[in-house]
Amino acid sequence: MLRRTFQLIPGVGPWKEKDLWARGIHTWDDFPDNGSVLGQKLDEGARRRLALAREALERRDLKGLAAMVPPREHWRLYPEFARDAVYFDIETDGKQEQAPTVVALFDDAGLRVFIQGRNMDELPEAMAERRLWVTFNGSCFDVPVLREYFGKRFPTPDAHIDLRFVCRRLGMGGGLKEIEDKLGLGRPPHMKGVNGWDAVLLWRAYLARGDVEALRFLVEYNLYDSFQLRSLMDKAYNRALDDLNLDAEPRVPVFERGEVLYDVSRLIMELGPTQRDLRVLERVRAQDRDLHQD
DNA sequence: TGCGAGCGTAGATCGCTACG
DNA sequence: CGTAGCGATCTACGCTCGCA
């Protein structure tokens, strides 16, 4: 799809791009080396720009390509750089300062989770490993929160596909769960109807009582958010091709979460109480004993 | 070749929205 | 609540092309 993108030419927007396609110029390689296509002046810039784009793709220079393609079309970069992608989602404490409590990452290497008070400090390094970030509303929420929290040691990706805006352009507004349902990507019963505020409550329950079960549920929810993004990205990409009537353009296979459910179970079962959790547990037990003494 | 009309892109502003 | 991206809307500009 990237090689069909002509909107990276200055002076070419959606209309002229469609026009090029209609005239049989389907990919960069179809653009004639000489002769008038868009007019003298534009052709000059076009050939220069297409050469740059080809070189950038040759080098697998995501940053360079992302700078050429208008942001709203960044979804077109997806198939070429899918192996460099990380899908992630954060939960926060719901306070004014919005400190992250749990962060789930899903990429080629599998699932990872970062938890406040345990390994949250390792998150920036893990994020830096992947140059394409995929989120839902992450450009407005997740990334600003993390940047605020970690400061400038938090990395910047070469490109960031925010599925909220990709979906909206495909006529699907609303939240992540709503869109999942619309696309038949619903969650199993025990994960249905859980939302971001529940995540705040689960964290508070865990903190207040050392309730590891609450943490496990929270982490499971968070992990679901991360890998559901992968299926959503696949479906949204395919839909965007439908929208452009690009029947010949190859679709991507839609990720099935079955592949990772074992890892989800393993990750949440591995979660035990920390020393701090055990102290909290001891304290609330003592309080309980006091309460029932007389 | 030179002019003006018309198209489409780009910039600027505003209000809406989804996140926990 | 704060954040930030985008569509809608409007304006301005650049370019192409038709016409003589």
Side-chain angles (χ1 to χ4, degrees), chain A residues 5-23 35-46 49 66 68-75 87-104 114-116 120 133-149 154 156-157 159-182 193-207 214-215 217-226 228-229 232 236 240 243:
Chain A
T5 298
F6 292 104
Q7 292 190 44
L8 45 72
I9 298 166
V12 175
W15 293 86
K16 284 194 174 142
E17 181 182 65
K18 274 216 169 76
D19 186 48
L20 286 169
W21 292 342
R23 289 157 57 191
S36 177
V37 185
L38 298 157
Q40 191 116 43
K41 193 101 183 190
L42 249 53
D43 285 349
E44 220 174 283
R49 194 77 162 175
M68 297 188 181
V69 177
R72 62 156 140 220
E73 306 295 347
H74 276 190
W75 60 270
Y87 308 81
F88 72 97
D89 182 69
I90 76 171
E91 311 301 332
T92 73
D93 56 15
K95 298 210 185 84
Q96 197 84 51
E97 299 298 321
Q98 298 272 37
T101 56
V102 180
V103 179
F114 298 84
I115 300 171
Q116 185 64 245
M120 188 60 82
W133 292 0
V134 180
T135 63
F136 191 91
N137 201 37
S139 51
C140 297
F141 183 75
D142 303 56
V143 172
V145 166
L146 292 173
R147 186 152 293 142
E148 177 71 28
Y149 179 79
F154 194 69
T156 307
H160 178 174
I161 300 175
D162 190 328
L163 290 170
R164 176 191 167 191
F165 302 108
V166 179
C167 290
R168 209 167 84 80
R169 245 178 112 216
L170 296 170
M172 292 180 295
L176 174 62
K177 320 288 183 288
E178 202 178 329
I179 293 170
E180 282 179 8
D181 286 339
K182 242 179 250 176
V194 187
N195 59 40
W197 186 247
D198 294 327
V200 173
L201 300 180
L202 285 165
W203 179 256
R204 289 179 185 170
Y206 161 65
L207 268 198
L215 177 66
F217 191 34
L218 168 59
V219 167
E220 185 179 10
Y221 166 74
N222 187 218
L223 286 168
Y224 262 81
D225 269 350
S226 72
Q228 288 282 91
L229 290 177
L232 183 57
D243 239 43

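As the structure is a prediction and not an experimental result, all values here were calculated from the model.
Distance D89(A) CG to dC19(B) P: 9 Å, rounded to the nearest Å. A straight line from CG of L38(A) to P of dG14(C) spans 18 Å, rounded to a whole angstrom. If you measure from atom CG of L176(A) to atom C1' of dA18(B), you get 10 Å, rounded to the nearest angstrom. Straight-line distance from the CG atom of D43(A) to the P atom of dT16(C): 8 Å, rounded to whole Å. The CD1-C1' distance, from I9(A) to dG14(C), rounds to 16 Å in whole Å. At whole-Å resolution of the value, CD1 in I179(A) and C1' in dA18(B) are 10 Å apart. Between the CG atom of L20(A) and the P atom of dT9(B) there is a distance of 10 Å, rounded to whole Å. The separation between I90(A) atom CD1 and dT3(C) atom P is 14 Å, rounded to whole Å.
Each of P14(A) and D142(A) was matched to the nucleotide of DNA chain B holding its nearest heavy atom; the match closer to the 5' end belongs to P14(A). Comparing N137(A) and S36(A), the nucleotide of DNA chain C nearest to each residue sits closer to the 5' end for N137(A).
Comparing atom distances between the K16(A) side chain and each of dG20(B), dG8(B), dT16(C) picks out dG8(B) as nearest. Proximity note for P144(A) (side chain, C-beta onward) versus dG20(B), dC19(B), dA4(C): the nearest is dA4(C). When distances are taken from the side chain of K41(A) to each of dG20(B), dT16(C), dG8(B), the shortest belongs to dT16(C). Looking at the side chain of W15(A), the nearest of the listed nucleotides dG8(B), dC19(B), dG20(B) is dG8(B).
A donor atom on one side chain and an acceptor atom on the other are found under 3.5 Å apart for Q228(A) and E180(A).
Here K95(A) lies out of heavy-atom contact (under 4.0 Å) with every strand. Nucleic acid contact for G173(A): sugar-phosphate only, since backbone atoms but no base atoms lie under 4.0 Å from a heavy atom of the residue.
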query = Checking side chain to side chain donor-acceptor pair (under 3.5 Å) for the pair E73(A)/W75(A): CA distance, chi angles, key distance, verdict?
reply = CA-CA 5 Å; E73(A) 306 295 347; W75(A) 60 270; 3.1 Å; yes
request  = Mind running salt bridge (charged side-chain N to carboxylate O under 4.0 Å, His left out) on K177(A) and D181(A) for me, showing each step along the way?
outcome  = CA-CA 6 Å; K177(A) 320 288 183 288; D181(A) 286 339; over 6 Å; no
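F88(A) has its side chain within reach of D142(A): a pair of non-hydrogen atoms, C-beta onward, lies under 4.5 Å apart.
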Which atom pairs link the protein and nucleotides 5-9 of chain C when you take only N or O atoms and keep those under 3.5 Å?
residue : atom : partner : partner atom : Å
dG7(C)  : OP1  : R169(A) : NE           : 3.2
dG7(C)  : OP2  : R72(A)  : NH1          : 3.3
dG7(C)  : O4'  : R168(A) : NH2          : 3.4

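The residues R72(A) and D162(A) are annotated as not salt-bridged, no charged nitrogen and carboxylate oxygen being separated by less than 4.0 angstrom.
Panel note: side chain T101(A), backbone E91(A); a donor-acceptor pair is recorded below 3.5 Å.
Exactly one residue among I115(A), D198(A), T92(A) makes a side chain to side chain contact (heavy atoms under 4.5 Å, CB included) with W203(A). That residue is I115(A).
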